[in-house]
Amino acid sequence: MDILLGDREYFKGVGQIKYEGPETDNPLAFRWYDENRVVGGKTMKEHLRFAVAYWHTFCGSGLDPFGGQTLFYPWDEKSDPVARAKDKADAAFEFITKIGAPYYCFHDLDVVDYADDVRENEGRIKTLTDYLKQKQADSGAKLLWGTANLFSHHRYMNGASTNPDFAVATHAGAQIKMALDATIALGGENYVFWGGREGYMTLLNTDMKREQEHFAQMLKLAVAYARQNGFQGKFFIEPKPCEPTKHQYDYDAATVIGFLRQHDLLDDFSLNLEVNHATLAGHTFQHELQVAADAGLLGSIDANRGDYQNGWDTDQFPNDLMEWTQAMLIILDAGGLAGGGINFDAKRRRNSTDVEDIFHAHIGGMDVVARALLVADKIIQNGEYHKIRKDRYASFDGGKGAAFEKGDLSLEDLFQLAAENGEPATTSGRQEYLENLINKFI
Ligand code: XLS
Ligand code: NI
Ligand code: NI
């Protein structure tokens, strides 16, 4: 991928980020992410399918609940919204090609600001879609997924698809239609629904059943429209338990899978799992991956991390090798991500204000994930990890255990067997041994 510049260079002083190996002292080089290196039959690039998140990386202002903007961008200066959006697209593709990510992801509103006029907005997003299409063609970078921002505008304060006012739901539908049009025109490989305001603040004013039915109906309309218009990719739902609403309907992977099954949406949807959303739900990231993988619905990942001390959705860049090694074992066991990739839904801290900080953030994230892939591959090659897990269930592999799994035993049969065989011997779960085994390969 060659660097793609617009009229001016925004990230001056930083060139293309290259792989230099673990020993390099160059902070603007990859130590582990070597895109063409083959691991377990595929290149790193094919395994990981890294994506840059338009919203954090090119729009994030550094705002927090106690203070305003700390991050100011030269591509955010023009007064005309379309001209400003084109500058941002220039900056985005300069960064994407310098960092060497094969993909990017966006919300409609990241690409161009919207006014309060649906037809005007349609014109704006179409203009930017054409602009981005050219950028994609010139650079080779692709759209991993598109989505609609149905949570920032004040009209969505009581929900978007689940809003008690149908008039608001029509605006959600309009935005989804336009975001789908953009995604399809750009050859986007997937489309995401994150239900930031699809939930409630208090049950005192909420008909939860009706709201969830409205949500399912909106998803069905989106699928029907997209399929009619040639979209062949996957739809993803991104679970998150809370924030911004007190309770969100897409609470966690297990909840979303139940919802998809209930509304007969399993053929078109799978899951986009985010590390920090898992931890907000009281799970590990690995737990969420495993739940999705077991259901055959492991679609894509939003990579980031929370803060161990305060439990907020801090969206920091990933840097925990132990966590990512365990995650990668689950992903590899599942045969990889079905259609998705690894999107950095992560932001540098609001006081990381140098141009280089954007690069350090992504280099660190890409390196820790690449390194985890290498470690997980070594663990799999070694074989002991899988053997220990498999052997743990050996009593179901033959004899009466196998008959139970097949459904050939009754409850009375279990009574008989327990009575005949007496108290079972204790069997160690060997957790510490396994933790040491993982560490051995790190
Ligand atoms: C917010 C979500 C959001 C989605 C896309 O917490 O992670 O960024 O990924 O709407
Ligand atoms: Ni998030
Ligand atoms: Ni996300």
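The shown structure was predicted, so the numbers you read here are calculated from the model rather than taken from an experiment. Atoms within a ligand are numbered from 1 in the order they appear, just like the ligands themselves.
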Quiz item: Any nitrogen or oxygen of K240, main chain or side chain, under 3.5 Å from a nitrogen or oxygen of ligand 1?
Solution: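 Between K240 and ligand 1 (N or O atoms, distance only) the closest approach is under 3.5 Å.
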Quiz item: W55 to ligand 1: N or O pair under 3.5 Å?
Solution: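 Looking only at distances, the answer is yes, because the N/O contact criterion of under 3.5 Å is met.
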Please report which non-hydrogen protein atom sits nearest to [atom], along with the residue it belongs to and the distance in Å to one decimal place.
atom                   : answer
atom 2 (C) of ligand 1 : E238 OE2, 3.3 Å
atom 5 (C) of ligand 1 : H107 NE2, 3.2 Å
atom 8 (O) of ligand 1 : D345 OD2, 2.9 Å

Quiz item: Where the Ni ion (ligand 3) is the centre, what is the OD2-to-OE2 angle for D345 and E238, rounded to 10°?
Solution: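 Taking the Ni ion (ligand 3) as the apex, the two atoms subtend 160°.
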Quiz item: Counting heavy atoms only, which part of E274 comes closer than 4.0 Å to ligand 1: side chain, backbone, both or neither?
Solution: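 The side chain, only.
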Self-check item: Side chain, backbone, both or neither: D302 near ligand 1, heavy atoms under 4.0 Å
Solution: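 The side chain, only.
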Quiz item: Distance from F441 atom CZ to L374 atom CG, nearest 0.5 Å?
Solution: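 Nearest 0.5 Å value for the CZ-CG distance: 13.5 Å.
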Could you tell me whether [X] and [Y] have a side-chain N and a carboxylate O separated by less than 4.0 Å?
X    : Y    : value
D64  : R350 : yes
D76  : R84  : yes
D165 : R155 : no
D313 : K240 : yes

Quiz prompt | Proximity of W75 and F11 rings by center, below 6.0 Å | solution =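 Distance test on ring centres: under 6.0 Å, yes.
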Practice problem: Could you tell me which atoms of ligand 1, counted from 1 in the order shown, lie closer than 4.0 angstrom to a heavy atom of D313? | Solution: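 Under 4.0 Å from D313, ligand 1 has these atoms: 6 (O).
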Quiz item: Do other residues, nucleotides or ligands put more than 12 heavy atoms under 6.0 Å from K246 NZ?
Solution: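 Check fails, neighbour count at 12 or below.
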Quiz prompt | N, O or S from E274 under 2.8 Å to the Ni ion (ligand 2) | solution =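 Short answer: yes, at least one N, O or S atom is under the cut-off.
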Quiz prompt | Name, closest N/O/S atom of D302 to the Ni ion (ligand 3) | solution =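 Atom name returned: OD2.
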Exercise. Report yes or no: does a heavy atom of H277 sit under 4.0 Å from some atom of ligand 1?
Key: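 In this structure, H277 qualifies as a contact of ligand 1 - some heavy atom is under 4.0 Å.
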Quiz item: So, Y156 and Q175: side-chain donor and acceptor under 3.5 Å apart, yes or no?
Solution: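 On atom types as modelled, these side chains qualify, holding a pair under 3.5 Å.
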